[in-house]
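What's counted below: heavy atoms across the whole structure, side chains too, no hydrogens, waters or symmetry copies.
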Amino acid sequence: MDALAHNVLPAVAGGSHFLLVHVVENGRVRALGSRGVPGDVLHQVDGRSLQERDPVREAVVSGEPVFVRSMREYRTRYPELIHFAEATGAEAVVHLPLTATGHTFGVCVLGYERWDAALTGEETTLLTAVSALVAHALERARLYEAESKRSRALQRSLLPRVLPQLSECTTAAHYLPAGRGTAVGGDWYDVIPLSAGRVAFVIGDVMGHGLAEAVTMGRLRTAIRTLADLELPPDEIMSHLNGAMGELGQDPYVTCLYALYDSTDGRCSIVSAGHPPPAVVRPDGSVYFVDLVADPPLCAADPPFRTTDVTVPAESLLVFYTDGLVRSAARPVDQGMSELKDLLRDAGRTDLDELGTHLMTELLPPGRPHADDSALLMARVHALAADHVASWPLPEDPQAAGQARGLVRRQLAAWRLDELTTTTELLVSELVGNVVRHATGPVRLRLLWGEELICEVSDGSLTMPRIRHAAETDEGGRGLQLVSTLSHSWGTRYTEAGKSIWTAQPLPEPVAVHG
């Protein structure tokens, strides 16, 4: 539009009084741009309905220029629109159709103070050709904008629409795409609730921009969610993810970080495949970056991956990010991380959404071009109160089930959860009995009173139990079916010493959890 107004028109239409470019959408005239049109007139013209007798309609329908040589002629041909034409101060008007790919979608309107200053035949031919070029440029811009919207919609669909609300943490996330128009990126983040008061935080970055990178990102996010649901340790999850990348036949540059937080003891186990370390803001306001034992990016790494364990005090803030937040052509990553650290020192108890907006604005100022996507995930972690956790060792003999029932009965009475006693006794009998018959020690029973009541039995065996369909003549094999029926959910996971089998039961109303 600006190029047409400032470069083309002075050469071929120097006597023009005004320029106005219209497109027609849903029976209405929309002004894309203008030069020399009074503001009040432009406001009235923009959005007006097409009339039965209308020069814009004629140009669009015929695909040919429409010439009006005087206001007298305009009044005769288009009486319902004469007040618009007269308000421009022009005497003669030319409507040049904008046609692209066989479709006329608008007009370029030129106004003149008198007809003898209007276009000559050669100028008309030239400007008609120019209007065709303008039409193609506008059509490409329209398609570009539509593609950009679709790309951004794709990007949003691949990221979590909302983060889960969990008792283990309060979270917020921000994402800023690179200034690359339609190109989608490969940055992603996730928050995955797990069993027994644990939650996983994930952030990753597929280098590059485009549909292939976005698809890779979507596959990785799905894969890591599936692996997390299997309750595998963080290093095994990253190893499986590394293998999955190779099986997909792809070799992109991908960094990823997986952090597993346990609200019962404050331990956070972190595995990084070439990803920047998270920042930790302690409750006292001090800030540090986790000293990660980082492995190379996915596909470049040689498993096994190494795990970094840190103990995070309750109400600390974990800050995960992709390198687009802290690195640019004008700012090395060390400087960006230093600036992030300085900004986090003032975080205090700031609302996480407000803090995220502040960080993104300060590190990526609006109006300044940025070549990479940026993702930010923040989690203020909460601890399960010490008096809401009870744990006991159990003997490796048949008396263990009876002892476990007694421990459960007394603990639930102390917690005033007597309504759950009968069901929990049945559950713990099956779990402990199964361990005594089929597994090895050491055996431990643990109860967690959080948003649900978690009953957990651990042993030293790596053999995972599975439900099987017992025949009517079988004397056993129904224990896990009973566990599945009595509990809201149940599962197993590997531990450093073996495995744990857990069950979850909803709390009776109106029992409230006191923190």
Side-chain angles (χ1 to χ4, degrees), residues 1-39 41-69 73-74 77-78 80-82 84-85 87-112 115 117-150 181-182:
M1 178 65 203
D2 289 339
L4 181 68
H6 297 293
N7 299 315
V8 178
L9 287 180
V12 299
S16 62
H17 182 68
F18 73 84
L19 164 71
L20 179 59
V21 175
H22 283 312
V23 293
V24 177
E25 298 176 346
N26 301 318
R28 291 189 174 273
V29 177
R30 300 292 182 186
L32 285 187
S34 66
R35 191 194 70 175
V37 180
V41 177
L42 185 63
H43 178 73
Q44 297 177 55
V45 171
D46 187 27
R48 73 172 179 81
S49 300
L50 276 180
Q51 304 298 313
E52 187 65 29
R53 299 168 62 183
D54 194 314
V56 174
R57 178 191 292 274
E58 288 185 19
V60 169
V61 171
S62 68
E64 299 292 335
V66 175
F67 301 96
V68 184
R69 294 168 173 78
E73 181 183 347
Y74 202 108
R77 294 172 62 178
Y78 315 111
E80 296 182 358
L81 301 175
I82 185 60
F84 293 137
T88 64
E91 178 63 24
V93 185
V94 178
H95 297 77
L96 298 169
L98 297 174
T99 303
T101 62
H103 170 62
T104 302
F105 57 87
V107 296
C108 177
V109 186
L110 296 172
Y112 295 87
W115 180 248
L119 302 175
T120 66
E122 291 181 354
E123 289 175 336
T124 301
T125 301
L126 178 57
L127 199 55
T128 299
V130 170
S131 68
L133 295 176
V134 172
H136 283 285
L138 293 174
E139 181 69 4
R140 286 194 297 270
R142 183 189 66 81
L143 294 174
Y144 187 85
E145 179 64 23
E147 182 66 18
S148 179
K149 290 181 180 179
R150 286 193 292 268
T182 62

Nearest 0.5 Å please: distance from the [atom1] atom of [X] over to the [atom2] atom of [Y].
X    : Y    : atom1 : atom2 : result
E64  : E58  : CD    : CD    : 12.0 Å
E91  : E73  : CD    : CD    : 10.0 Å
Y74  : F84  : OH    : CZ    : 9.0 Å
L19  : L110 : CG    : CG    : 6.0 Å
T104 : L96  : OG1   : CG    : 12.0 Å
E52  : E80  : CD    : CD    : 9.0 Å

Flag the pair [X] / [Y] as yes when at least one side-chain heavy-atom distance between them is below 4.5 Å, and no otherwise.
X   : Y   : result
R30 : D46 : yes
L42 : L20 : yes
V93 : Y78 : no
L81 : P55 : yes
V21 : L98 : yes

Closest non-hydrogen atom pair between G47 and R28, with its separation: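 It is O-NH1, 2.6 Å.
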
Minimum heavy-atom distance between P97 and G63, given as atom pair plus value: CG-O, 3.3 Å

With a 3.5 Å distance limit and no angle check, can you tell me whether Q51 reaches the backbone of S49 through a side-chain donor-acceptor pair? yes

